[in-house]
Enquirer: 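I am attaching a structure below and will ask some questions about it afterwards.
Nothing here was measured: the structure is a model prediction, and the numbers come from that model.
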Amino acid sequence: MRENEVVGRGYNLRETEQDPTAHAEVIALRQAASVLGSWRLERCWMIVTLEPCAMCAGAMVLSRIGGCVFGCSDPKGGFLGSLANLSDWPGLNHRFPIHGGVLSEDAGEKLKGFFRHLRDRN
């Protein structure tokens, strides 16, 4: 999201693509960079349902993202506050603000539905 405009959108495609890097955040970052013609996404904010993992948080640092908003914390894999916080890691050359727990109940319901659908498919 940049200035209230969606510039990249992503969905978790790990199972569909059999690609361990096909997380929603990575796909959205790639799309935003393509739309904007730059890998530097300083004025963009990532808005996601679940707290990003280490790979996604690292990709946000590398993209110079402006900030991140997420719904549910991820105590088993989250790297924007739960297990560690890459958005403010000493020694990295970029830091960004995070706002976690935004609409967490709604986000939790959406995640439950997503995982229920995956279980039903299998």
Side-chain angles (χ1 to χ4, degrees):
M1 174 88 59
R2 185 179 77 173
E3 298 168 5
N4 294 322
E5 178 186 354
V6 175
V7 293
R9 197 179 297 265
Y11 305 93
N12 186 327
L13 297 175
R14 284 190 311 174
E15 294 296 327
T16 305
E17 303 290 328
Q18 291 300 301
D19 178 354
T21 68
H23 291 207
E25 297 91 336
V26 171
I27 294 164
L29 288 170
R30 287 178 182 154
Q31 192 175 92
S34 178
V35 165
L36 297 173
S38 175
W39 62 268
R40 293 176 182 89
L41 304 176
E42 300 100 342
R43 294 176 26 224
C44 297
W45 278 69
M46 178 74 66
I47 302 169
V48 293
T49 309
L50 183 65
E51 178 184 359
C53 69
M55 175 185 67
C56 294
M60 287 184 223
V61 169
L62 294 173
S63 74
R64 313 293 195 268
I65 198 82
C68 180
V69 174
F70 66 84
C72 296
S73 295
D74 184 359
K76 294 182 179 181
F79 266 76
L80 290 184
S82 290
L83 297 175
N85 185 354
L86 287 183
S87 73
D88 196 22
W89 195 266
L92 290 177
N93 63 347
H94 179 70
R95 290 178 171 71
F96 57 91
I98 56 169
H99 301 286
V102 176
L103 299 172
S104 61
E105 288 183 23
D106 293 339
E109 288 302 315
K110 192 156 264 312
L111 287 167
K112 286 177 190 172
F114 172 77
F115 287 112
R116 188 177 313 111
H117 175 73
L118 278 183
R119 282 191 303 276
D120 291 347
R121 264 188 23 200
N122 295 329

Enquirer: Name all residues meeting the side-chain hydrogen bond (donor to acceptor under 3.5 Å, both in side chains) criterion together with Glu51; count only those two or more places apart in sequence or in a different chain, and write none if there are none.
Expert: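 Checked Glu51 against side-chain hydrogen bond (donor to acceptor under 3.5 Å, both in side chains); matches are Ser82.
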Enquirer: Applying a strict under-4.5 Å side-chain criterion to I, L, V, M, F, W and Y, I'd like to know whether Leu80 and Val48 cluster together.
Expert: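 Yes, because Leu80 and Val48 connect within a single hydrophobic cluster, where side-chain heavy atoms sit under 4.5 Å apart.
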Enquirer: Not counting sequence neighbours, which residues clear side-chain hydrogen bond (donor to acceptor under 3.5 Å, both in side chains) with Ser87? List them please.
Expert: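 side-chain hydrogen bond (donor to acceptor under 3.5 Å, both in side chains) list for Ser87, sorted by chain: Asn85.
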Enquirer: Closest heavy-atom contact between Leu86 and Gly58?
Expert: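 Looks like CD1-N, 3.8 Å.
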Enquirer: So, using side chain to side chain contact (heavy atoms under 4.5 Å, CB included) as the criterion, who are the partners of Leu36 when residues are at least two apart?
Expert: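 Partners of Leu36 by the side chain to side chain contact (heavy atoms under 4.5 Å, CB included) criterion, ordered by chain and then number, come out as Arg2, Val7, Leu41, Cys44.
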Enquirer: Considering residues at least two apart in sequence or located in another chain, which fulfil the salt bridge (charged side-chain N to carboxylate O under 4.0 Å, His left out) criterion with Glu3?
Expert: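 Glu3: salt bridge (charged side-chain N to carboxylate O under 4.0 Å, His left out) contacts with Arg43.
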Enquirer: Which residue pairs pass the ring pair (Phe, Tyr, Trp, His ring centres under 6.0 Å) test with at least one member in residues 25-72, sequence neighbours excluded?
Expert: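 Matches after skipping sequence neighbours: Trp45-His99.
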Enquirer: Does any non-hydrogen side-chain atom of Leu29 lie less than 4.5 Å from one of Ile65?
Expert: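 Counting from C-beta outward, Ile65 and Leu29 do come under 4.5 Å.
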Enquirer: Any donor-acceptor pair under 3.5 Å linking the side chain of Ser38 with the backbone of Arg40?
Expert: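 Pair found, side chain donor or acceptor close to backbone of Arg40.
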Enquirer: Name all pairs fulfilling the ring pair (Phe, Tyr, Trp, His ring centres under 6.0 Å) condition that reach into residues 47-67, sequence neighbours left out, sorted by first residue then second.
Expert: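 Non-adjacent pairs meeting ring pair (Phe, Tyr, Trp, His ring centres under 6.0 Å): zero.
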Enquirer: Apply salt bridge (charged side-chain N to carboxylate O under 4.0 Å, His left out) to Arg95 and list each qualifying residue two or more places apart in sequence or on a separate chain.
Expert: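 By the salt bridge (charged side-chain N to carboxylate O under 4.0 Å, His left out) rule, Arg95 matches Asp88.
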Enquirer: Could I get the full list of side chain to side chain contact (heavy atoms under 4.5 Å, CB included) partners for Ala54, not counting sequence neighbours?
Expert: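 Ala54 satisfies side chain to side chain contact (heavy atoms under 4.5 Å, CB included) with Phe79 only.
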Enquirer: So for atom CD, which belongs to Gln18, do other residues, nucleotides or ligands contribute more than 12 heavy atoms lying within a distance under 6.0 Å?
Expert: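 Enclosed.
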Enquirer: For the residue pair Ala28 and Gly10, what are the closest heavy atoms and their distance?
Expert: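 Residues Ala28 and Gly10, closest heavy atoms: CB-N, 3.8 Å.
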Enquirer: Residues sharing Ile27's hydrophobic cluster, by side-chain heavy-atom contacts under 4.5 Å among ILVMFWY, directly or via others?
Expert: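 Besides Ile27, the cluster holds Leu13.
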Enquirer: Can you name the closest pair of heavy atoms from Cys56 and Val26 and give their distance?
Expert: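 In this case the closest contact between Cys56 and Val26 is SG-CG2, 4.0 Å.
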Enquirer: Checking Thr21 now: which residues fulfil side chain to side chain contact (heavy atoms under 4.5 Å, CB included) with it, not counting sequence neighbours?
Expert: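 Listed in chain order: Asp19, Arg30, Met55.
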Enquirer: Write out all pairs satisfying salt bridge (charged side-chain N to carboxylate O under 4.0 Å, His left out) with one or both partners inside residues 67-76, taking only residues at least two apart or from two chains.
Expert: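 Checked against salt bridge (charged side-chain N to carboxylate O under 4.0 Å, His left out) - neighbours excluded - no pair reaches residues 67-76.
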Enquirer: Only pairs at least two apart or in different chains count here, so list each side chain to side chain donor-acceptor pair (under 3.5 Å) that has a residue in residues 54-72.
Expert: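 Listed by first then second residue: nothing to list.
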Enquirer: Let me confirm one number: the CG-CE distance from Leu62 to Met60, rounded to the nearest 0.5 Å.
Expert: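 Leu62 atom CG to Met60 atom CE measures 11.0 Å (nearest 0.5 Å).
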